[in-house]
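Read through the structure below, which is laid out as structure tokens, and then see the notes.
The figures that follow rest on heavy atoms only: side chains count, while hydrogens, waters and symmetry mates do not. None of the values given here were measured: they were computed from a predicted structure.
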Number of protein chains: 2
Amino acid sequence: MATIKQIAKLAGVSIGTVSNVLNELPSVREATRKRVLTVIDSLGYQPSLLGRALRKDQTNMIVMIVPDITNPFFPGVVRGAEDVAFQNGYRLVLCNSDNDYAKESAYMRELRTYRPSGLIIVPADLSKGQEEARAYLNAGSAVVYVDRIPSRWRGDAVTSAHEEGAYEATKHLIALGHKRIATITGPLQGTSAVQRLAGFQRAMNEARLPVPTQYIQESNFNRAGGCEKAELLLKLRARPTAIFAANDLIAMGAIKAARRAGLSCPDDISIFGFDNLEIDDETTPALSTVDQFISELGARAAQIVINRVAGDKSAAKHICIPTCLRLRGSTGALKTRRATATGKKVVERKS
Amino acid sequence: MATIKQIAKLAGVSIGTVSNVLNELPSVREATRKRVLTVIDSLGYQPSLLGRALRKDQTNMIVMIVPDITNPFFPGVVRGAEDVAFQNGYRLVLCNSDNDYAKESAYMRELRTYRPSGLIIVPADLSKGQEEARAYLNAGSAVVYVDRIPSRWRGDAVTSAHEEGAYEATKHLIALGHKRIATITGPLQGTSAVQRLAGFQRAMNEARLPVPTQYIQESNFNRAGGCEKAELLLKLRARPTAIFAANDLIAMGAIKAARRAGLSCPDDISIFGFDNLEIDDETTPALSTVDQFISELGARAAQIVINRVAGDKSAAKHICIPTCLRLRGSTGALKTRRATATGKKVVERKS
DNA sequence: TTGTATGCGTTATCAC
DNA sequence: GTGATAACGCATACAA
């Protein structure tokens, strides 16, 4: 590995001059600059980011912590962040917290000593980790919370408009004629799940539709939970005709439960998701969902970090990215007792 | 940020002693050790990995480069590597090459100056990047190629048993009675695609089944390519009754093409995939596929890096992970002209 | 315009 | 057992 010292010797200048060339200071005579550059090229010299970081007390790394990269929601977020970071000369250090605060905390404490430019985090536990985050801020690293925000966090954050998206989705189901609409929420200790539930409730309230307590099922954000809770809903005497699922994985689980129960989606039950994962187009039926511009979440977070490093001292911002509905095959108008378009009779439900 | 110097002063010892405590050298008197440790705890001191790295000329980072984390194949690989790395005190720096050699090369050159312990790479271009890889080796970093291996690479590598898996899958289709079996391969400049094609060919040869040239379609490893090439196959006068797709995304595209053509999968055409992505269970029909233990690929690669760092000087190893078939709904026995189980008549094909 | 010297936080070597 | 010091590669303040 060539070092700045060798370059200096070979170019017949001091290391200070080489450093000035490297950092494009205008105070270097053109002839000198050329000579140094030639040597640099010929040796394929790359300045040591390690040495530079130690000296400047800052690296070009952005630490990004997500619960689990194999959850199909996160690759998009990571990719969005990575793209923006790369374009601006920053590099991403990816960590899976495994939804385990202990692991997240270990990552945070250790990686801070690399003096990263920033920390982008989808926290595992909303009630913890604030001291670690503050330690980053104190050390001069930007911190951005993404997707889930601890209630006490007062710094930068990026989320989707969970409440609004859920509200629009539910309103759409209501417009389709549904009156018995249930929801399967995510874990309610998380802000996103709470807000999506709030949006659902607001739409139902505005339409003066009742929401029996059994119509609100709390689940994990995965297929298994969605399937399990949907089974409960489908067994109810007053079976809902539509389900608003708090994310697409839950919705896919619900579709599976419906199929198992011998019900047709959307003829017997409409199912709405949230996320707009890439696979939504491939499921049968294709999933109607709230598109939350996943990669944008990461991209905006990375941009905040970059701006902060560049000296942006403005007040903490909470970027709320609007959602939009993607209507596909899993939702449809409420079928009445009359013959349907497909010629099948709709059996009146027992309730 | 507390430094070793402050710890030394507060504990009333020299920095050398603190360092000895940190590195658990036995030559520290127990009383001193306790005193130093107390100060460390009270300040929440974490040693600077930056300083340590500069001094030791090595960090605990492993650079991992994949083409695109949003391709559902890679999160599993990354996760497998990250888990093993984390357990052993290493951290993963994730990079997307975007299948672009220029970007991959930029990452490789720059991140090398962080003196990572290793490089785990799924290369974008099999014909390039060898000098960069060698530079890592020269700098004392382990290098492991994963999934795709440049033909001239003589170092460590981890792949699935592509040829064997494809062979088994094709044999299965043959055992189901299919005789007109086509394949949609991945890009044939990649080793994995070539080997899967080879396995397909071997099974067909052994069964003395002809493979007309139109029955081999080259595609990208994505849904769009699979759909497009399947459309070509399905238009052939001698339409195949089964397709072996070189990966699951291609297979999903093929299923879509079949649906568009009004064909039933698996009644009219059997489709076999490769990868065993998590979503395979969710498609309709569920996809029969070759399971290649995705996370194991990353895990084994990380383990190699760790072993090399620990001093393993043995000859370069190519770990070849066996595959196994996952039979689901997208494949079935060849239907003859007789009435099928569903009562539908199978129309004789024009060919 | 260029060179020299210092220090970033750590480990390792060598006195004591 | 412990302390003092050099060195890792670089940026920077200051001298020349």
Exercise. Compare all side-chain heavy atoms of P67(B) with those of R148(B) and state whether any distance is below 4.5 angstrom.
Key: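 With C-beta onward as the side chain, the pair touches.
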Using a distance-only test with no angle check, is there a side-chain donor-acceptor pair under 3.5 angstrom linking [X] and [Y]?
X: Q303(B); Y: N88(B); result: no
X: E278(A); Y: T70(B); result: no
X: N60(B); Y: E110(A); result: yes

Self-check item: With sequence neighbours excluded, residues passing side-chain hydrogen bond (donor to acceptor under 3.5 Å, both in side chains) with Y107(B)
Solution: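 Y107(B) satisfies side-chain hydrogen bond (donor to acceptor under 3.5 Å, both in side chains) with E82(A) once adjacent residues are dropped.
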Exercise. Under the side-chain hydrogen bond (donor to acceptor under 3.5 Å, both in side chains) rule, collect the residues that match up with E24(A), sequence neighbours excluded.
Key: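 Applying side-chain hydrogen bond (donor to acceptor under 3.5 Å, both in side chains) to E24(A) gives none.
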Self-check item: Covered region of DNA chain C, 5' end to 3' end, by chain A [heavy atoms, under 4.0 Å]
Solution: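 Nucleotide range with atoms under 4.0 Å of chain A: dT1(C) to dG9(C).
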Quiz item: For dT2(D), does OP1 or OP2 lie under 4.0 Å from any side-chain N or O of T32(B)?
Solution: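 Result: yes.
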Practice problem: Using the test salt bridge (Lys or Arg N to Asp or Glu O under 4.0 Å), find all partners of R79(B) that sit at least two apart in sequence or belong to another chain. | Solution: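 Scan of R79(B) (salt bridge (Lys or Arg N to Asp or Glu O under 4.0 Å), adjacent residues dropped) gives D68(A), D98(A), D83(B).
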Self-check item: Pairs meeting criterion side chain to side chain donor-acceptor pair (under 3.5 Å) with involvement of residues 31-53 of chain B, two or more places apart
Solution: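 Passing the test, one end in residues 31-53 of chain B: E30(B)-R33(B).
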Practice problem: Classify every nucleotide of nucleotides 7-16 of chain D by which part a protein heavy atom approaches to under 4.0 Å, writing B for the base, S for the sugar-phosphate alone and - for neither, in 5'-to-3' order. | Solution: BBBBBB----
